[in-house]
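Quick notes on the structure that follows.
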Amino acid sequence: MQNRFSYRHGYWSDVLDTGIEFGAFSDLVAKLKTESVFVITDCRVFTHYEKFLSKYPHWCLPEGEQAKTADVVSQVYEYLLMENTDRNTLLLGVGGGVVTDVTGFVASTYKRGMPFILVPTSLLAMTDAAIGGKNGINFRGYKNVIGCINQPALTYIDPVFLHTLSAEHYYNGLAEMLKTAFVLDESLLSDIENNVDAIHRRDEVILNRLLQKASCAKLKLVEADVSDKGIRHVLNFGHTLGHAVEMHDMILHGYAVAKGMAAALRMSVNKGYLSASDYGRCDKVMKALKLPGSIKMHDKLMPYIEKDKKRRQEKLHFVFLSTPGKALVEAVDLNELKKLMYAS
Ligand SMILES: NC(=O)c1ccc[n+]([C@@H]2O[C@H](COP(=O)([O-])OP(=O)(O)OC[C@H]3O[C@@H](n4cnc5c(N)ncnc54)[C@H](O)[C@@H]3O)[C@@H](O)[C@H]2O)c1
């Protein structure tokens, strides 16, 4: 695949041919010289993959969302300073979306920017977080409010990492993969439908192919809207209600998005955008993947919806599905949206 983000630099230029590359992590490790690389990972991922990661100077973040803070980032800066790391060092982020978000942020800010490669190890990061160049941390309880858009030199995907991922995080990531299929790629949706058992078994060959389709679909969209100002908004499908449920019920992002997508699918039918048969198809695959279904709309979700980042005065940019593989974004009056949500 042609890549406009490829970056060539010193010792590691030979690994950078595409924006996303699939291969064995051990092959990447073999290509990267230890003296020019610094690894950022988290404690759990390090425990599983110590054999590879301990070859490099490294920093282990605490596990989970608690690592996306200014304090934790300061600790990484301090360690980089202590290690005399300079702008010629390559930062290698190996982990889930938390690690890839923090690595991209540190790489973009330390000494005014250093090159970075992301090796996503969770399904959510392989499908979504490690692609698109959005990097950031949380601040004062607000998610991802400090950050930047800066592309990694390379996103390197090896589905073998998925064997050690917990079931909870595996299905969490599947929701985001399915979202990509719904809004961007009907052939990916068919592939998922035809391989449900293999997906539950985590069949590596099938996952490799599905991930190639999903990641390339996202990268193509990102290339067309690098600064996230336009068509990239279709990726927010299921996210308006999803975010509200995520915050209110404190559940994992992917499960919340699945609930948000179930509601958005019904809302798309009620608006007359999606046919009943296409709705049936999408609903069936969500159930086959054992993703959570619908949301019971209630008033306590409204404050979160009203604060949605896609709101412009009294209208909110809501993503509907028109047919599998194609979405549309419409500015909907908040009152109308509320009625639609309660009716769907
Ligand atoms: N930048 C973006 O465009 C973007 C997009 C979507 C999500 N995100 C961010 O991604 C984060 C969520 O990502 P996540 O779901 O990967 O969470 P995460 O990074 O917390 O990983 C989930 C859990 O899985 C563990 N883990 C990861 N890979 C593993 C492996 N191979 N084997 C065993 N355990 C493994 C981690 O240690 C962690 O406990 C959120 O902070 C979200 O804001 C960013």
Side-chain angles (χ1 to χ4, degrees), residues 5-16 19 25-26 28-122 125 129-156 161:
F5 305 130
S6 71
Y7 185 105
R8 300 193 166 270
H9 192 285
Y11 337 84
W12 40 272
S13 63
D14 57 329
V15 299
L16 304 178
F25 182 53
S26 52
L28 179 71
V29 168
K31 286 181 186 169
L32 296 172
K33 292 198 177 144
T34 48
E35 64 273 19
S36 59
V37 173
F38 185 96
V39 166
I40 299 184
T41 185
D42 76 16
C43 299
R44 180 180 295 270
V45 173
F46 185 78
T47 311
H48 284 291
Y49 301 100
E50 185 171 356
K51 181 177 134 203
F52 297 111
L53 302 178
S54 59
K55 284 176 64 167
Y56 302 101
H58 56 270
W59 183 265
C60 294
L61 302 174
E63 201 186 322
E65 203 63 24
Q66 55 173 331
K68 284 180 61 171
T69 66
D71 282 348
V72 171
V73 165
S74 301
Q75 291 165 11
V76 185
Y77 291 146
E78 274 172 33
Y79 194 67
L80 290 174
L81 276 173
M82 213 174 78
E83 290 278 302
N84 291 322
T85 307
D86 63 22
R87 298 179 60 187
N88 293 320
T89 304
L90 170 75
L91 268 198
L92 183 67
V94 184
V98 165
V99 168
T100 58
D101 274 12
V102 170
T103 303
F105 184 70
V106 169
S108 306
T109 48
Y110 181 77
K111 298 206 173 170
R112 299 200 187 96
M114 57 202 294
F116 65 108
I117 289 181
L118 299 178
V119 180
T121 60
S122 70
I131 300 157
K134 287 193 195 173
N135 314 296
I137 54 171
N138 308 326
F139 189 67
R140 304 267 191 268
Y142 293 96
K143 232 175 115 66
N144 300 326
V145 280
I146 312 281
C148 59
I149 294 184
N150 184 24
Q151 304 299 333
L154 177 71
T155 295
Y156 192 89
F161 282 113

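In what follows, residues are counted from 1 in the order of the sequence shown.
- Listed by first and then second residue, the salt bridge (Lys or Arg N to Asp or Glu O under 4.0 Å) pairs that reach into residues 105-119 come to none, sequence neighbours excluded.
- Sorted by first then second residue, the salt bridge (Lys or Arg N to Asp or Glu O under 4.0 Å) pairs that include residues 48-58, not counting sequence neighbours, number zero.
- By the side chain to side chain contact (heavy atoms under 4.5 Å, CB included) test, Q75 is found to be paired with W59, residues two or more places apart in sequence or in another chain being considered.
- Scanning for salt bridge (Lys or Arg N to Asp or Glu O under 4.0 Å) contacts around E65 gives K68, K143, with sequence neighbours left out.
- Between N135 and G104, the shortest heavy-atom distance links the atoms OD1-CA, 3.3 Å.
- Pairs passing the ring pair (Phe, Tyr, Trp, His ring centres under 6.0 Å) check and including a residue from residues 87-113, sequence neighbours excluded, do not occur.
- Taking CZ of F116 as the start and CG of L154 as the end, the distance is 11.0 Å to the nearest 0.5 Å.
- If you take CE on M114 and CG on D86, they are separated by 7.5 Å, rounding to the nearest 0.5 Å.
- Of all heavy-atom pairs spanning A67 and L61, the tightest one is CB-CB, 3.9 Å.
- Closest approach of C43 and C60 over heavy atoms only: SG-CB, 4.0 Å.
- With values rounded to the nearest 0.5 angstrom, I40 atom CD1 is found 12.0 Å from L53 atom CG.
- Residues meeting the side chain to side chain contact (heavy atoms under 4.5 Å, CB included) test with F161, sequence neighbours left out: F25, Y49, V94, V119, T121, M126, D158.
- Applying the ring pair (Phe, Tyr, Trp, His ring centres under 6.0 Å) test to pairs two or more places apart or on separate chains, none has a residue in residues 81-103.
- S26 pairs by the side chain to side chain contact (heavy atoms under 4.5 Å, CB included) definition with A24, F52, not counting sequence neighbours.
- Taking 4.5 Å as the limit, some side-chain heavy atom of L91 sits within range of a side-chain heavy atom of V106.
- The two residues I137 and T69 make their nearest non-hydrogen contact at CD1-C, 3.9 Å.
- Minimum interatomic distance between A130 and P152 (heavy atoms only, all atoms of both residues): O-CG, 4.2 Å.
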Decide yes or no on side chain to side chain contact (heavy atoms under 4.5 Å, CB included) for Y56 and V29, but give the supporting numbers first.
CA-CA 10 Å; Y56 302 101; V29 168; 3.4 Å; yes
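- Judged purely by atom type and a 3.5 angstrom limit, N138 uses its side chain to pair as donor or acceptor with the backbone of N144.
- Using a 4.5 Å cut-off on side-chain heavy atoms (C-beta onward), V73 and I146 make no contact.
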What side-chain donor-acceptor pairs closer than 3.5 Å can you find for residues 76-85, not counting sequence neighbours?
| from | atom 1 | to | atom 2 | distance (Å) |
| --- | --- | --- | --- | --- |
| Y77 | OH | T109 | OG1 | 2.6 |
| T85 | OG1 | L80 | O | 3.1 |

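- Shown here for G95 and A125, the closest heavy-atom pair between the two residues is O-CB, 4.2 Å.
- The shortest side-chain heavy-atom distance between L90 and P115 falls under the 4.5 Å cut-off.
- Atoms CG and CD1, from L118 and I131 in turn, are 9.5 Å apart once rounded to the nearest 0.5 Å.
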